[in-house]
Number of protein chains: 2
Amino acid sequence: MELSERKKKILQIVVDDYIDTAVPVSSKAITEKYMSSISSATVRAELSALEELGYLTQLHTSSGRVPSPDAYKLYVSELMIKDKLTAKELNYIKSIFLEKTDNIESVLKNAVKVISELTDYTSVGVHSKGEDDKFRQIKFFRFKPETALVLIVTDVKLLKDNYISIPPSMTDEQLEEASSLINKLFSGKTFKEICKIELDFNESFIGYKTIFINVIEALKTYFAEDEQSVLMEGEDKFLKHAEYADVNRIKEFLSVVTKKEKVFSILTEDNKDIKFNVKIGIDDDGAIPKDCSVVSATYSVNGNKIGTYGVIGPARMDYQKVVAVLENVGKILESILAGR
Amino acid sequence: MELSERKKKILQIVVDDYIDTAVPVSSKAITEKYMSSISSATVRAELSALEELGYLTQLHTSSGRVPSPDAYKLYVSELMIKDKLTAKELNYIKSIFLEKTDNIESVLKNAVKVISELTDYTSVGVHSKGEDDKFRQIKFFRFKPETALVLIVTDVKLLKDNYISIPPSMTDEQLEEASSLINKLFSGKTFKEICKIELDFNESFIGYKTIFINVIEALKTYFAEDEQSVLMEGEDKFLKHAEYADVNRIKEFLSVVTKKEKVFSILTEDNKDIKFNVKIGIDDDGAIPKDCSVVSATYSVNGNKIGTYGVIGPARMDYQKVVAVLENVGKILESILAGR
DNA sequence: AATTAGCACTCAAGCAAAAAGAGTGCTAAC
DNA sequence: GTTAGCACTCTTTTTGCTTGAGTGCTAATT
C-alpha cells in the first residue's frame, strides 16, 4: 500500500535525522527541528502507524523511533533527496581514473579505492568470472626443461602464476611455435568459444597436444578462481562509525570482511533489477551481519552486466553520499570500459 | 644485574601463569600452584623486589602482579622452557612447503600462512627490497605500437604491471632482438650490478637506447616498492584472544595491521642481534600499540639477512608456541632458499 | 639473616535503591 | 482530524554499601 505524503515526509525526516545523529528520533525532535506546523501528538500518531507498517521500531516503550531495514530501502529508492558531489570530489574521481587503464582489473581497483576514500566506508568490487573475457596473447617462460610459466593476456587482465609442464624433449623453438599457434587459434575468442574449438591434431600438430591440453587446463583454473577477483579497500573504515563501539559488532563485521568468499557471495547473490541494491542484515545467522548494510550497483558493457561494486557499512549509513559516489564512479567506470 | 635463581624461577612462574590464565598472579597462587616449599609472605617480598627491578607491575595496590615488557623479553630469551611441536604440526609445516617453490615470494607466503595457522596469531613476512635479486629474463608484450607491458622475472618473483613506451617505429623483430640483448646482458646480475653496467651504445646498439632506459626505469620502480612486499595472514586472529574485548584496543590493533607500511617499518627497524626479537608497545603513540607484542626473526641465505618473519598479537602471547613455530618454519624456509 | 604468621589496609567489583529524564500512549477537549 | 495534558514506562546515572582478594608491614620464629 502507498504511504500518505505526510507519512513519507515524516519517515524521510526520521531516517535523515537518525543517520545524522545516531539517536532514536522522538516526536518532539521532529516537530521542533523540521515540522513546527503540526504538534508532537499528531506526529506520535503517525509514528505509531509507521511502526505498525514495519518501517520503524522502538528499542523500548519510552524511546524514540529507529528506521527498520525496509525504511532504509524505501529511503534509498524513493524518499531520499539525492546528493550532489562537489566539484572537488568529481575532479578527484576523474583524476584517479586518469591512471593507466590497460586492464579492467586495475580500472576496477581504482574505482574501489575512490569509493572508499570518498564515502569513508569499506568498498568492494567484483568482476564477472570472465567467461566472456577475450583471449589476446600467450607466452611461455621456460624455467626448467620440464616446466614453464604460462602468461595469458586477456582484454581484462594478465594471468600469471600458472605453471604448466611441458615435454622436456621439446625445444625452445618448438615451444615458440606452439605459442604462436595458440595465439593464432585463440586470439579474440572468449573462453566459452575456446572450449568449443575442435582440435585437429594432425601430423603437423600432434607434437603440441600436451601443451594445448595444459594451456586449456590453465585457462580453466583462471576461470574457476572467483574469490580472487574480489577487490576491497578500507577494511577498517567501519571503525570510524559510532555503531561499532561494541566488540561483538566489530567481530561480526570483521568475520565477513576478512573472508573474501563471503563478500563475493553477498555481492553476487540475487539482485533486484533496480539501480542501487540495498541489503541489510537482520538476524545474526544471515550472510550479512545484523544492522549491517550493503549498497551495490552493477556495471555493464554493451548491456551485459559484468560486475558489481558497492560499499559495506552500518545500516545507519550516509546513503545520500554513498549513492552519489557510486553513481558518479559507475558512470566513469562504464564509459572507460565501453571505450576499450 | 643478574637475578637470583629464585627470582628467575618466580618470574618465570608469573609469566607462565599469566599467559595461561590472563589473571594477575598473586603470591598465594604461586605458593599453592607451584612452590609449596616457601610461604606466600616470602614470595611477596620477592615479587616486591621484582617490581622494583621493573619486571612486574601492579594494576592497583591490592591486585596481583602482571609481567612488564621487560619480563616478557627476558622470558623469551632466558626463562622460558622451549616448546616442541607435535609430529602432526611438523608434518603440517612440511606439507605446506611441498607446494610450488618457483619464486621466493610464494615460499614466504606459505611460511606466513603456516605460522598464522599454527599459532593463531596474525603473521607477517617481509622480503628484502631485492637489490640482490637476480635478473633472469625479460619479455615484452606489445599491445599498441607505442606501449608494451614488460615482464621481468627474477629469482624471487615475477613483475608485471610495468608499462613502458617504445618508439612506434620499432618493428616487432627489433623488439624481440632488444629483449634477447637485454637478457644476454643482464642475466644473472643483481639490480646493483645492472645499474653499474656501462652501456656502450655503438651503432649496432643505438636503436635500443630508449628501450634500455625504460627497462631500467621499470626495474627502479620494482625496487622502490617496498610496502608491497609485506605479506600478512590472519589479520583478524587477534580477536580470538581475551585481551581484545575492548574497542580501543581493537581500533589500535587494526590501525596498524591494516597499514602495510606501518607493519613494514616495525619489522624492518633495528633488530637486536638475537634469534627472536620481541618488541612490545608501551605507550599509545609508538609504532606498536600498547600491550601489543611483535616477535620476529630474520632469515638468511649465505649469511645475508634477506627477510623477516614473525607474529603480531597481544603482549600476553603464547611465546612458547610462537617461538617453536617460528623456529621450525625458519629452518625449512632457509633450507628451501639455500637449495635454489 | 632469612622466613613466616598475622593483621590492618586498599581497592575493585558487584549490587541495590533512588533519582532524574526522556518519550510514549491515551483521553478529553478543541 | 488535531492537540494539550498527564500518567506511565523504561533507561541511565548516581550513590552508598558490602564483599573479597591481595598486599605491605611488623613482630615472632627458625
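Computed from a predicted structure; not experimentally measured. Sequence lines set the chain letters: A, B, ... in the order given, protein chains first and strands last, and positions in each chain run from 1.
The salt bridge (Lys or Arg N to Asp or Glu O under 4.0 Å) search around D16(A) returns none, not counting sequence neighbours. With sequence neighbours left out, the salt bridge (Lys or Arg N to Asp or Glu O under 4.0 Å) criterion links K84(B) to no other residue.
Straight-line distance from the CG atom of D17(A) to the P atom of dG23(C): 11 Å, rounded to whole Å. Rounded to whole Å, the distance from CD on E5(B) to C1' on dA2(C) is 18 Å. Between Q58(A) atom CD and dA22(C) atom C1' there is a gap of 12 Å when expressed in whole angstrom units.
Residue pairs meeting the salt bridge (charged side-chain N to carboxylate O under 4.0 Å, His left out) criterion with at least one member in residues 28-45 of chain B, sequence neighbours excluded: D17(B)-K33(B). Within the structure, side-chain hydrogen bond (donor to acceptor under 3.5 Å, both in side chains) pairs that include any residue of residues 245-254 of chain A do not occur (at least two apart or interchain).
Looking at heavy-atom distances under 4.0 Å, S37(B) makes contact with sugar-phosphate atoms alone, never a base. Within 4.0 Å of S27(B), counting heavy atoms only, lie sugar-phosphate atoms of the nucleic acid but no base atom.
F238(A) and Y244(A) have perpendicular rings, their planes meeting at more than 60° on a 0 to 90° scale where under 30° would count as parallel.
Scanning DNA chain D 5' to 3' for nucleotides with an atom closer than 4.0 angstrom to a non-hydrogen atom of chain A gives a first and last hit of dT2(D) to dT11(D).
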| request: Step by step, work out the side-chain contact (heavy atoms from CB on, under 4.5 Å) result for F276(B) and E327(B). | output: CA-CA 9 Å; F276(B) 296 102; E327(B) 200 155 43; 3.9 Å; yes
| task | Determine, for nucleotides 9-20 of chain C in 5'-to-3' order, which nucleotides have protein heavy atoms under 4.0 Å from the base (write B), from only the sugar-phosphate (write S), or from neither (write -). | result | -BBS--------
